[in-house]
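Report on the following structure.
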Amino acid sequence: MSEKGTISIHTENIFPIIKKFLYSDHEIFLRELVSNAVDATQKLKRLSSLGEISEEIGDTTVEVSFDKEKKTITVSDKGIGMTADEIKKYINQIAFSGATEFVEKFKDKGDAKDIIGKFGLGFYSAFMVAKEVEIISKSYQDGTEAARWVCDGSTEYEITEATKESRGTDIILHVADDSEEFLDEWKLKSILDKYCRFLPVPIKFGTKDEQIEDGKDDEGKPKYKTETKDRIINDTDPLWTKSPSELKDEDYLKFYKELYPMSEDPLFWIHLNVDYPFNLTGILYFPKVKNDFEVQKNKIQLYSRQVFITDEVKDVVPEFLMLLHGVIDSPDIPLNVSRSYLQSDGNVKKINNHITKKVADKLDELFKSDRNSYQDKWSDIGVFVKYGMLSEDKFYDKAKNFALFTNTEGEFFTMDEYKAKVEVNQKDKDNNVIYVYTTDPGKQDTYIQVAKNKGYDVLLLDGVLDSHYVNFLEQKLENTQLKRVDADTIEKLIDKDEKIESVLSADEEEKVKGIFEKAVANPRMNISVNSLSPDDMPVTITMSEFMRRMKDMAKNGGGQYAMMGNMPDQFELSVNGNHSIVGKILRAKKEDKKVQLAKQAYDLAMLSQNMLTGKDLTNFIKRSIELAAE
Ligand code: ADP
Ligand code: MG
């Protein structure tokens, strides 16, 4: 029997189109063929377990091999196999309709890259690398003949009887001239490692026999023996498929090292195991988050029934969880469709929500069960928790119970605890509680000490996300404002409307202002004379919280604030009329002396803002020496 036929198809020359579309992803042909072989094997096992097959099914290892001379790549399985009729049905009709649909759908779309890898083209992806494909198959069903199907990538195929004794299917690719790079051991091995590493059926690569040294002969020359090396390339029961109750910490750490050989140990992990309303298994690890977290993204691998699909999990995993590492396996994630579909898919949304909830629950549990160890890890997980709070309201609702504040004393507080701590002492005249914070304890030390002397607590908000976090907290927390410790003079930072009497007359204040204007001579300084406590600094330079945040936003994001970025910085310079230096300035006989003292006080304020540099710094040092020598 020999039969020739034409594959009924609307699109002429489907293969050049397939080839072109999937150009950058040719390697997936191997994933498709091996996973078909695995499917056929598992179908056989299922039939056997249902008692449909009487004899032992024996070894079911899938073999991948290649022959450089013959220019072939072969994928062989011992699965259910196909009869000639089944080949016609499954390969000519079903597989082809999938390929046709693909081309119909995407031939006019410009964003082919987006589709690549999301669309399992199935069997026909073989033609991305082959000029001719042969199927030799024998069904598991008693009394059926083996069949051979050949197709050269045109719409014509030939089907004949074949001689094949054993059950299963061989797919033989006759590799096209422009794809000979795939006839390479290293290349094929690396593709198998990527996609087939955790397939549930053993995969053997390279059936070649090897000459192994085996002692020496009488003349002392090495003897060789022929051995077929055991080259199973996959782990058929990866950790995520096991029950969490069987596993120890070592197992999780070992698996992590397998996935990311060069990485530091993770902080902790979550084993996902859901079967309703969707199927999902997986293990998510919390790495130590580095400040440069772009490089840490795309570390989660997505599988569908243990077949690697992609490590671009952007739409399946919430954005803020992209910092996690690990694997997710779900047959319910539709992988064969475009990204925009994925985003609107109900299952994907549910998976998203579920993962978010699990992560929040895990953090809550860690916090409650061992607060000290949680606090120790806070410097690593803090960025992650804040990122989550900023980006997902649902996460915020849970995280507000385990998100921590740290202050300059190194103490930790939950949001509620912190409120209770500062509520009384840091309330202003309008009943707002003011959280005072520093973004750089080294540079803002002078201001921090002034605030502490006043009995205020100073939060440490020096992380990469904290400028966003500050804005966010103000929106979330009622009657609460956050002010950087150098945003105002200490009396105004938390304005309690406690008036301090001025020792200066209005006339003297004017005079002092005039002297400072002359000494400072800087249009960026908005000078005022105020009555502060005599213990406060003689001169304080501040930039208002509002102004600084606008500047930060312009720097970080641009947009509507971009124009602010071009504006020169504007500072408030507050002269403390009650300070003894001011009295000394007024009493000084010579004008030169007045200006010299004012300059000195001004430079000291500049110094504590880290703004005194260059010539001004040199002059300050000279003047300090002169004053000390007087
Ligand atoms: P899919 O795997 O999504 O069904 P494919 O194009 O990969 O689509 O394969 C089409 C069909 O061809 C399969 O559903 C299966 O019935 C049949 N098939 C492919 N490869 C094999 C194989 N190695 N053994 C048995 N049947 C196979
Ligand atoms: Mg398939």
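Nothing here was measured: the structure is a model prediction, and the numbers come from that model. Just so you know, ligand 1 is whichever comes first in the structure, and atom 1 is the first atom listed for that ligand.
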- Should we count NZ of K187 as having more than 12 external heavy atoms under 6.0 Å? yes
- Task: Any atoms of ligand 1 less than 4.0 Å from a non-hydrogen atom of G122? List them with their elements.
- Result: 5 (P), 6 (O), 7 (O)
- Look at atom 16 (O) of ligand 1 and find which of Y90, Y124, Y140, F123 reaches it with the closest heavy atom. Y90
- For ligand 1, which part of D77 has a heavy atom less than 4.0 Å away: the side chain, the backbone, both, or neither? side chain
- Task: Examine the proximity of ligand 1 to M82 and report which part, side chain or backbone, both or neither, has a heavy atom under 4.0 Å away.
- Result: side chain
- Message: For F123 and F127, take the angle between the two ring planes, folded into 0 to 90°, and tell me which bin it lands in: parallel under 30, tilted 30 to 60, perpendicular over 60.
- Response: perpendicular
- Between H325 and the options Y260, Y256, Y285, the side chain to side chain donor-acceptor pair (under 3.5 Å) test singles out Y256
- Task: Consider only side-chain N and O atoms of D85 and T83, and report whether a donor and an acceptor are under 3.5 Å apart.
- Result: no
- Examine the side chains of Q301 and Y303 and answer whether a donor and an acceptor come within less than 3.5 Å of each other. yes
- Polar proximity ligand 1 side, N36 side, N/O cut 3.5 Å exclusive: yes
- Would W186 and F205 count as a close aromatic pair, with their ring centres under 6.0 Å? no
- Task: At a cut-off of 2.8 Å, list the protein N/O/S atoms near the Mg ion (ligand 2), residue plus atom name.
- Result: N36 OD1
- Do S76 and T74 have side-chain N/O donor and acceptor atoms under 3.5 Å apart? no
- Measuring from L259:CG to K254:NZ, what's the distance to the nearest 0.5 Å? 11.5 Å
- Is it the side chain, the backbone, both or neither of V75 that has a heavy atom closer than 4.0 Å to ligand 1? neither
- Side chains of E319 and Y387, donor plus acceptor under 3.5 Å: yes
- For I91, take its heavy atoms, then give the atoms of ligand 1 lying under 4.0 Å from any of them. 12 (O)
